[in-house]
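Note sheet for the following structure.
Below, all heavy atoms of this structure are taken into account, side chains as well, without hydrogens, waters or symmetry copies.
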Amino acid sequence: MKPDISQDTIAKWQRIVDLIANVADVPASLVMRTHEPHHSVFVTSRTKGNPYAAGCQFTLNEKLYCYGVLQRDGELTVEDATCDPEWVDNDDMEHGMRFYIGYPLKWPDGSVFGTICVLDTRRNRRALLFREGLQEFARVIEADLELLIEIDRRIALEAELQATLDQLEQRVANRTSDLEEANTALRVLLSSVETSREEYDAKILRQIKGLVVPHLAKLRSRLEGDPAGRAYLELAEESLKSITSEMSGQLTTVFEALTPAEQEIAQMIMRGQTTKDIARTLSREPSTIEFHRNNIRAKLGLKRSGQNLRSLLLSIQ
């Protein structure tokens with residue numbers, strides 16, 4: 001589909017046909033537009049004696065000068081139709097136009113746009129000398145047609161680019177919306193997990209308090225004469241207390257680095273027991289307990305720091 005001819009271009013062509021008519025001294029200078037089977041006046045010179053009005057339409061046939069131009073696909077010059085059997089009865093003789101020079105006009109793809117021509121009621125030597133000028137004006141009009149095609153192509157490309165940008169923006173908007181929905185769903189899920197964890201912790205707490213703690217109280221009364229047994233019982237109670245009070249993640253991490261024996265001794269240290277107390281409770285030599293204390297200090301980075309081990313353990317509880 002070919003683009004429309006802009007008003008600016010039509011105004012330019014009007015100046016061209018007026019100039020041609022004045023320079024060639026002819027009553028009619030025309031730009032004709034072809035839409036087969038019709039051939040119509042597209043731009044006509046504003047000169048005295050010009051019988052062709054813009055929009056005047058003809059049916060293409062062998063009796064039209066312009067038909068001869070299109071058939072030849074090149075220049076047609078008729079100096080005097082009254083002396084030329086081929087054109088003596090052509091349709092333009094109705095207006096007495098026996099002199100004609102015309103050239104084809106084409107779109108960049110080679111398809112026919114129409115013709116550019118001059119007509120006169122007499123043999124016009126001046127117009128004959130201007131044939132090359134008329135041909136150059138034909139090239140100017142074809143250059144305008146090429147420019148119109150390029151403008152139309154760029155407009156189409158811009159529209160396509162804008163459509164692509166709009167699609168990308170919509171995709172970004174959709175993706176953003178999807179991410180927001182995903183974030184909302186994730187927050188709901190995390191909230192649900194947190195709630196489930198709290199419910200689970202509460203359940204464990206209830207079970208410890210309801211099923212374990214009462215038995216520890218009974219066990220305490222049976223260990224009155226057993227210091228070591230009472231010490232282990234107190235360790236168990238302290239451990240349960242840590243669980244039910246949700247031992248901090250930092251202390252849990254620290255205990256994971258210790259051996260079971262070191263964990264046991266660390267808990268006794270936190271309760272304020274001395275090396276001798278711990279040794280007596282565990283039936284170990286004080287040197288063994290001191291060995292484990294040094295290992296604990298080393299793992300906690302307290303070696304040669306002078307910081308109190310119990311104070312550190314209590315600070316991260």
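By the 4.5 Å heavy-atom criterion applied to side chains, Phe99 and Val78 are not counted as neighbours. With a 4.5 Å cut-off on side-chain heavy atoms, Tyr65 and Thr115 do not count as touching. Considering only heavy atoms from C-beta on, Met97 comes within 4.5 Å of Thr121 through its side chain. Considering only heavy atoms from C-beta on, Ile265 stays 4.5 Å or farther from Gln273 through its side chain. Side-chain atoms of Ile20 and Phe130, non-hydrogen and from C-beta on, do get closer than 4.5 Å to each other. Proximity of Ser29 to Phe137: side-chain heavy atoms (C-beta onward) are nowhere separated by under 4.5 Å. A 4.5 Å side-chain heavy-atom check between Val41 and Phe58 finds at least one atom pair inside the cut-off.
Here Ile16 contributes atom CD1 and Ile116 contributes atom CD1; the two are 7.0 Å apart, rounded to the nearest 0.5 Å. Distance check, rounded to the nearest 0.5 Å: CG of Asp152 to CE of Met1 gives 9.0 Å. Between the CG atom of Leu309 and the CD1 atom of Ile269 there is a distance of 4.5 Å, given to the nearest 0.5 Å.
In this structure, Glu181 does not pair ionically with Arg175, as no charged nitrogen and carboxylate oxygen lie closer than 4.0 Å. With respect to the salt-bridge test (charged N to carboxylate O, under 4.0 angstrom), the residues Glu262 and Lys299 qualify. Between Arg154 and Glu158 there is no salt bridge, since no side-chain nitrogen of the basic residue lies less than 4.0 Å from a carboxylate oxygen of the acidic one. A salt bridge links Asp109 with Lys2; the closest basic N to acidic carboxylate O contact falls under 4.0 Å.
Residues that satisfy the side chain to side chain contact (heavy atoms under 4.5 Å, CB included) test with Thr77, not counting sequence neighbours, are Glu75, Glu79, Ile101, Leu128, Arg131. In terms of the side chain to side chain contact (heavy atoms under 4.5 Å, CB included) criterion, residue partners of Glu142 (sequence neighbours excluded) are, by chain and number, Leu105, Lys106, Arg139. Remark: Asp80 engages Thr82, Arg98 in a side chain to side chain donor-acceptor pair (under 3.5 Å) (not counting sequence neighbours). Every side chain to side chain contact (heavy atoms under 4.5 Å, CB included) that Asp91 has, sequence neighbours left out, goes to Asn61, Lys63, Leu64.
Taking both residues in full, the closest heavy atoms of Asn308 and Arg297 are given as C-NH1, 4.4 Å, listed atom of the first, atom of the second, then distance.
Counting only residues at least two apart or in different chains, side chain to side chain donor-acceptor pair (under 3.5 Å) contacts with residues 40-55 comprise Asp18-Arg46, Thr44-Asn50, Ser45-Thr47, Ser45-Asn50, Tyr52-Asp92.
The 12-atom threshold is exceeded at CD of Gln57, counting heavy atoms of other residues, nucleotides or ligands nearer than 6.0 Å. Glu150 CD: more than 12 foreign heavy atoms inside a 6.0 Å radius. More than 12 heavy atoms of other residues, nucleotides or ligands lie within 6.0 Å of CG in Asp89, so this atom counts as buried by the packing criterion.
Between the Asn90 side chain and the Trp87 main chain, a donor and an acceptor come within less than 3.5 Å of each other. The backbone N or O of Arg284 sits nowhere less than 3.5 Å from a side-chain atom of Thr288 that would complete a donor-acceptor pair.
By the criterion of side-chain heavy atoms lying less than 4.5 angstrom apart, applied directly or through intervening Ile, Leu, Val, Met, Phe, Trp or Tyr residues, Trp13 is not grouped with Met32; the two fall into different hydrophobic clusters.
Counting only N and O atoms by type, the side chains of Ser177 and Asn174 include no donor and acceptor under 3.5 Å apart.
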List the atom pairs, with distances to 0.1 Å, where a side-chain N or O of residues 182-190 and a protein N or O form a donor-acceptor pair under 3.5 Å, not counting sequence neighbours.
residue : atom : partner : partner atom : Å
Asn183  : ND2  : Leu179  : O            : 3.3
Thr184  : OG1  : Glu180  : O            : 2.9
Thr184  : OG1  : Arg187  : NH2          : 3.3

For Arg126 and Asp120, what are the C-alpha separation, side-chain angles and deciding distance, and is it a salt bridge (Lys or Arg N to Asp or Glu O under 4.0 Å)? CA-CA 11 Å; Arg126 187 170 171 179; Asp120 203 343; over 6 Å; no
